[in-house]
A.B. asks: 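What follows is a single structure, and I will ask about it in a moment.
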Amino acid sequence: MTDSTEISPAARPLDFIRQIIAEDLHSGKHQQIVTRFPPEPNGFLHIGHAKSICLNFGIGMENNSPCHLRFDDTNPSKEESIYVESIKKDVQWLGFDWGRNLFYASDYFDRLYDSACQLIKLGCAYVCELSAEEIRTYRGTLTEPGKESPYRDRTIAENLDLFQRMKEGEFDEGSRVLRARIDMNSPNLNLRDPVLYRILKVTHHRTGDAWCIYPMYDYTHSLSDAIEGITHSLCTLEFEDHRPLYNWFLDTLKTEYHPRQIEFARLNLTYTVMSKRKILQLVQGGYVEGWDDPRMLTISGLRRRGYSASAIRKFCSDIGIGKKESWIDMSVLENTAREALNETAPRVMVVLNPLKVIIDNYPDGQIEEMEAQNHPQRPEMGSRRVPFSRELYIERDDFMEEPPKKFFRLGPEREVRLRYGYFIRCVSVVKDAATGEITAIHCTYDPETRGGSAPDGRKVKGTIHWVSAPHAISCPVRIYDRLFLTENPDADRNVDFKEHLNPNSLTILDNCMLEPSLGKAQAGEQFQFERQGYFCTDLIDSQSGTPVFNRTVTLKDSWIKTDKGSHKP
RNA sequence: UGGGGGAUGGUCUAAUGGUAAGACAGCGGACUCUGACUCCGCUUAUCGAGGUUCGAACCCUCGUCCCCCAGCCA
């Protein structure tokens, strides 16, 4: 990707973070800036991470400066290399390049250990033997000060010895921690002697069994930023309270670099959940078919759903960066997909819920090839030929025996245009004697209207899509809808968010009729099924010749609004 | 009720002492061989009360409401 304006159009005013960076560059505080995206490899990336990725890497591209990808892998009990791989893939797929700047916090374990010893020597850290419960009690509460640990005033030599023995595996998990020695009376709980290291006798996905003590986030993060010479360390609002601690580490250890932490509001989207913990529950509980289920707002799910990387980048740019907790409506994301796909997706005709049409006056056995444009607004995308014959399929929704007022489609005695085909008029309806279900309709066509226009200038109000029955390719199409029924599934603490799952988030239509050109669709190709929506061939389940389609998003439909329900797909 | 943040149409975002703007949503209309796209129009906002000022969304004071923090998670 070379066009950085695509990511942040020049016309858009700078967000507050970019303003700070511009000032720092202008004032000479920094000649070059360095940002970083620091995921923990304990799950797949989602749309919320995309916001952070676009921010950090976007700033990098705009300023021609590096943006590091650093895995914050300090908790081996939750982290796995499969997540490392998926994260790298997703960042690249989104269009970003970390170049040589791929790092792991675990790369710094030795330096982090040395710095911890340094803190001990400074009298700023000590080995504490309080249990986890005791530490919690000693920490105090929001309104009451904490109490100092009885181990707080050990000698430096004793602390050094104990810490080394922690490292050497002499002690049990949970029996000791290394703590910073700051202020048990601080109104900021993060400063009440936070834990720096804990004993975890767990194999790490990169360092194996080399370590049995692992550093905590706050300590690791600030030092890793300093080690890498990060200038602006961008994180979400909940870390605002941690900033004094972040700074304390850097100030106390007098690091060469002192990055500035700046916090921005995380992304909230309606009709979904964003927390990794909850997403994990959906995956592990089998509520979805995996991290990359097209209903998931993971990067891999969105990719499979048919969202392009540029659409996701556009979305992240559109929503902006601020400090106000905000909820973006899902329709904004959906609209971004439509906007992107409208430009690029070739148009095709597919009948999702087929209804047989027999054209009584069309010669039996005759086949014509109709010229259809691939994109009416972009003639350079060319055209294709679609076969037309006596028996066709049309959409069940496009026929009503007793049509309401503003229904422009087919009904008894009504005439409509078959797109790129002929005008047809319905002459009779065939029903199943037992169920009363309409099984087919009979029509006549006007041979003068070939291609879809009438020489006599007569107008029809409706144009519907169709597929020639003998030529149609039957195919499953997966209709995806929002995963949740409520705007904020998390809203009520007393109700499990899974209660709000949409039971109809996936509908498989297994007898859809594709126009023949779709037989050679490649996995991942995107199309507009005219009058229906944007669809793509599934990346995983599509075989060449036997495609499986996923609905990315519907087209806007103003008929559905006037009709109020009876027409809902 | 300790500390840290935040309040601009229904939802986001801008305006940084000088005409409150844009996007999405909604409503109405035009166009149309996609009830799509496109185009046009409309409704709707500065949390409240004071103050400073010729002039305040912006500065000051006092309130109100919302979010975050008591993991050996990140």
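Letters go in sequence order (proteins before strands), and every chain restarts at 1.
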A.B. asks: B:U61 and B:A45: how far apart are their C1' atoms, nearest whole angstrom?
C.D. replies: 25 Å
A.B. asks: Please work out if A:R338 contacts a base, only the sugar-phosphate, or nothing of the nucleic acid, heavy-atom cut-off 4.0 Å.
C.D. replies: nothing
A.B. asks: Compare side-chain N and O positions of A:R139 against OP1 and OP2 of B:C72 and report whether any pair is under 4.0 Å apart.
C.D. replies: yes
A.B. asks: Out of B:A70, B:C12, B:G35, which nucleotide sits closest to the side chain of A:S326?
C.D. replies: B:C12
A.B. asks: Between the base of B:G35 and the side chain of A:R409, is one N or O donor paired with an acceptor at under 3.5 angstrom?
C.D. replies: yes
A.B. asks: Looking at B:A25, I'd like to know if its phosphate oxygens (OP1 or OP2) sit under 4.0 Å from a side-chain N or O belonging to A:K556.
C.D. replies: yes
A.B. asks: Is A:R198 close enough to B:A74 that one of its side-chain N or O atoms is under 4.0 Å from OP1 or OP2 there?
C.D. replies: yes
A.B. asks: Mind calculating the distance between CG (A:D241) and P (B:G5) to the nearest angstrom?
C.D. replies: 8 Å
A.B. asks: With the side chain of A:K324 defined as its heavy atoms from C-beta on, choose the nearest nucleotide among B:U34, B:G6, B:A74.
C.D. replies: B:G6
A.B. asks: Verify the contact: side-chain N or O of A:K323 to OP1 or OP2 of B:A7, cut-off strictly under 4.0 Å; return yes or no.
C.D. replies: no
A.B. asks: Could you give the CZ-to-P distance, from A:R36 to B:A74, as a whole number of Å?
C.D. replies: 15 Å
A.B. asks: Measuring from the side chain of A:H242 (C-beta onward, heavy atoms only), which nucleotide among B:G5, B:G35, B:A74 has the closest atom?
C.D. replies: B:A74
A.B. asks: With A:P76 as reference, evaluate A:T207, A:T203, A:L200 under the side-chain contact (heavy atoms from CB on, under 4.5 Å) test and give the passing residue.
C.D. replies: A:L200
A.B. asks: So if I take every side-chain heavy atom of A:F408 and compare against B:U34, B:G35, B:A74, which nucleotide ends up nearest?
C.D. replies: B:G35
A.B. asks: Less than 4.0 angstrom between a side-chain N/O of A:S558 and OP1 or OP2 of B:A36, yes or no?
C.D. replies: yes
A.B. asks: Give, ordered by number, those residues of residues 171-190 of chain A having at least one heavy-atom distance below 4.0 Å to an atom of RNA chain B; if nothing qualifies, reply none.
C.D. replies: A:G174, A:V177, A:P187, A:L189
A.B. asks: Does a distance-only test, which skips hydrogens and angles, find a donor-acceptor pair under 3.5 Å between the side chain of A:Q19 and the base of B:U16?
C.D. replies: yes
A.B. asks: B:G4, B:U34, B:U1: which one has an atom nearest the side-chain heavy atoms of A:T143?
C.D. replies: B:U1
A.B. asks: Distance criterion of 3.5 Å, no angle test: do you see the side chain of A:Q377 paired donor-to-acceptor with the base of B:A36?
C.D. replies: yes
A.B. asks: Specify the residue among A:F16 and A:E530 whose closest nucleotide of RNA chain B lies further upstream toward the 5′ end.
C.D. replies: A:F16
A.B. asks: Just wondering, do A:Y217 and B:A74 stack (centres under 5.5 Å, planes under 30°)?
C.D. replies: no
A.B. asks: Quick one: do the A:H68 and A:E228 side chains pair a donor with an acceptor below 3.5 Å?
C.D. replies: yes
A.B. asks: Please determine, for the side chain of A:W327, which listed nucleotide (B:A25, B:A14, B:C12) has the closest atom?
C.D. replies: B:C12
A.B. asks: When you measure from the side chain of A:R531, which nucleotide among B:G5, B:A74, B:U34 comes out closest?
C.D. replies: B:U34
